[in-house]
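Just so you know, residue 1 is the first one in the sequence shown, and it goes up from there.
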Amino acid sequence: MTLPYGISRGYDRSKRTSPWFVRVNGKKVAHFSTEELRDRDYNQRVGEAKLYGQQAMVQLGAGDRHAIEEMKRQAAAVGLDALEIFRLGLTLTGDTQRRVKECGKAGAAFTDWVDARLKRGTIRVRRAKELKHMVERLCERRGDEYVHQISREDIRFFLKGLDVSAQTERNNAASLRQFFDWCIGEGWRKDNPVVMDYRIDRTPATFTAAQVKGLFTKAAKLHPSLLPMMILQWFAGIRPTATHLMDWRDIDFGKRHIVIQPEANKTRQPDLVDSLPDAFWEKLAPFRQDAGPVRAPAHIKRYREVRNALGYGEPPRKRWPTDVARHSFASHLYGLSGDIVEVSRALRHTGSKVTLKHYVAKHVTLEEGKAYFALAIPQKTGAQAALPRRGL
């Protein structure tokens, strides 16, 4: 399919701080500090372009032509251009003209409103970040358009172009809905273009024991240095962002616990993982080091190569499920123990309600749970034996 406009991505060697860029119609429109951020922006632009291309067919009937002629007639009487009137959404007859506001300026005012609520303590920090992040992303796309011009189709195109899971898409829609509710209160819109009438399947995507075995086999063949980080994600339920910042000194084999430092934790609080079975420590022991980062060099790029080798990646490939390692760990642990409180404690949740609703696939059986945690990690190969053991 031919995209409505040319989109490409590349690397700018003259930029030291933000070398990766996205180009639209031959012009570099944005620079990014990491390749991952560039690819995310690129995928969103491509997704929006495809959706627009699929529904770009417009037909005018006799009534539409009559309305255009009437608009031209009224515009000529006051010395205005008909297209300008249509773009601003103004009316020349009836009551007062509609108030207009650019999306970018409305987003800046909304951000100030959120900051004021945050200062008063009437909104949580995490919710404030979500609201500001989504409005910022929307303003990047439609900052020059007027708030009242953004339609339901525009919002649908924008959300689908983010290429996220269904639940994350619904969360993003809720943030945008609050933004447009605020715009209605300011008099810049008469309705809310965000529709929240669809249901989300809350059963998380998980991998079976056979799929996880294939993943670890492929990683041992392509990039064996990834295995320690993957063991922490798939068999301890630790978030990938935490494993990326974890040091071997945080893993105590003697006391059998793992410390997650505040800077590596999602809640920005220190955390302790101390309920892991002996099978986990047996899996991690062959890779043990005294000091140094657990992550491998270029771990994001290498892990992406492993997933691509399994058939996951950008369309038309299969999409890698969101947080699948943590969900697989929780689901198989629940199938093995049948105790949601134990699963919630292993995930370091404050309560079991969120664990049962968002993290556990209840179809996992006891036999599947046993097979999952009994998986054997590929032993050290020649490539692994050549890895430096830091701190020894």
Side-chain angles (χ1 to χ4, degrees), residues 165 167-168 200-217 219 226-244 246 250-253 255-260 264-267 269-288 294 303 307 310 312 320-378:
S165 66
Q167 182 60 53
T168 303
I200 298 298
D201 181 11
R202 298 189 182 275
T203 301
T206 60
F207 277 10
T208 64
Q211 289 175 302
V212 176
K213 181 179 179 180
L215 174 66
F216 273 82
T217 302
L226 293 173
L227 293 178
M229 183 183 70
M230 293 173 58
I231 292 173
L232 291 170
Q233 296 174 11
W234 288 90
F235 296 101
I238 300 177
R239 294 184 179 90
T241 52
T243 61
H244 297 167
M246 191 172 293
D250 300 328
I251 304 175
D252 194 326
F253 284 83
K255 297 181 180 179
R256 297 295 180 96
H257 67 229
I258 300 174
V259 178
I260 301 179
N265 199 5
K266 181 180 180 180
T267 61
Q269 298 292 329
D271 218 336
L272 183 67
V273 185
D274 59 353
S275 58
L276 297 173
D278 294 338
F280 165 79
W281 297 101
E282 294 174 0
K283 292 180 175 63
L284 190 62
F287 308 93
R288 177 179 179 179
V294 175
Y303 200 22
R307 295 186 305 192
L310 293 174
Y312 293 92
W320 184 260
T322 303
D323 216 1
V324 63
R326 191 166 166 86
H327 292 166
S328 298
F329 167 79
S331 299
H332 287 86
L333 183 59
Y334 182 67
L336 184 65
S337 65
D339 186 358
I340 190 61
V341 176
E342 179 183 346
V343 179
S344 179
R345 183 171 179 269
L347 295 178
R348 281 80 62 197
H349 287 167
T350 56
S352 58
K353 183 178 179 180
V354 172
T355 309
L356 187 62
K357 187 176 182 180
H358 296 285
Y359 284 80
V360 171
K362 304 174 186 63
H363 58 77
V364 178
T365 63
L366 175 61
E367 291 73 17
E368 291 174 337
K370 290 180 178 179
Y372 181 90
F373 288 101
L375 285 176
I377 304 301

* **Test side-chain contact (heavy atoms from CB on, under 4.5 Å) applied to K362 and L356, step by step** => CA-CA 9 Å; K362 304 174 186 63; L356 187 62; 3.7 Å; yes
* Structure fact -> So OG1 of T241 and CE of M246: to nearest 0.5 Å the spacing works out to 9.5 Å
* Taking all non-hydrogen atoms of both residues, which atom of A361 and which atom of T203 are closest, and how far apart? -> CB-CG2, 4.1 Å
* After noting the C-alpha distance and the side-chain angles of F216 and F235, does the key distance pass the ring pair (Phe, Tyr, Trp, His ring centres under 6.0 Å) rule? -> CA-CA 12 Å; F216 273 82; F235 296 101; 5.7 Å; yes
* Looking at L310 and G214, what are the two nearest heavy atoms and their distance? -> CD2-O, 4.2 Å
* Asked: Under 3.5 Å, side chain of R326 to main-chain N/O of G237, donor-acceptor pair present?
  -> yes
* Residues which pass side chain to side chain donor-acceptor pair (under 3.5 Å) with S352, listed by chain and number, not counting sequence neighbours -> none
* For T168, side chain to side chain donor-acceptor pair (under 3.5 Å) partners two or more places apart -> S165
* In Å, rounded to the nearest 0.5 Å, how long is the span from CZ of F329 to CG of L232? -> 11.0 Å
* Cation over ring, R256 on F253, under 6.0 Å and within 45°? -> no
* Asked: Would a 4.5 Å heavy-atom cut-off, applied to side chains only, mark R288 and W281 as touching?
  -> no
* **Pairs satisfying salt bridge (charged side-chain N to carboxylate O under 4.0 Å, His left out), at least one member in residues 330-349, at least two apart** => D274-R345
* Counting N and O atoms only, with roles assigned by atom type, does the side chain of H332 sit under 3.5 Å from a partner on the main chain of S328, one being a donor and the other an acceptor? -> yes
* **Within-4.5 Å side-chain heavy-atom neighbours: I251 and V294** => yes
* Partner set under side chain to side chain donor-acceptor pair (under 3.5 Å) for D323, not counting sequence neighbours -> none
* Identify, with sequence neighbours excluded, every residue that meets side chain to side chain donor-acceptor pair (under 3.5 Å) alongside S337. => none
* Shortest non-hydrogen contact from Q269 toward N265 -> O-ND2, 2.7 Å
Exercise answer: donor-acceptor pairs, residues 364-377 side-chain atoms, under 3.5 Å, sequence neighbours excluded:
unit_1, atom_1, unit_2, atom_2, d
T365, OG1, E368, N, 3.3
E368, OE1, T365, N, 3.0
Y372, OH, W234, O, 2.6

* To do: Report yes or no: does S344 contribute a side-chain atom to a donor-acceptor pair with the main-chain N or O of I340 at less than 3.5 Å?
  => no
* Structure fact -> Output for pair (Y359 OH, S331 OG), nearest 0.5 Å, gives 11.5 Å
* To do: Any chance you could measure Q233, atom CD, to T243, atom OG1, to the nearest 0.5 Å?
  => 4.0 Å
* Measure the spacing between OG1 of T355 and CG of L333 and express it to the nearest 0.5 Å. => 10.5 Å
* Asked: Do the non-hydrogen side-chain atoms of I238 and I258 ever get within less than 4.5 Å of each other?
  -> yes
* Side-chain donor-acceptor pair under 3.5 Å between T206 and H327, yes or no? -> no
* Would you say K255 has more than 12 foreign heavy atoms packed within less than 6.0 Å of its NZ? -> no
* Asked: Is there a side-chain contact between D250 and I260 (heavy atoms, below 4.5 Å)?
  -> no
* Structure fact -> Output for pair (I231 CD1, F287 CZ), nearest 0.5 Å, gives 4.5 Å
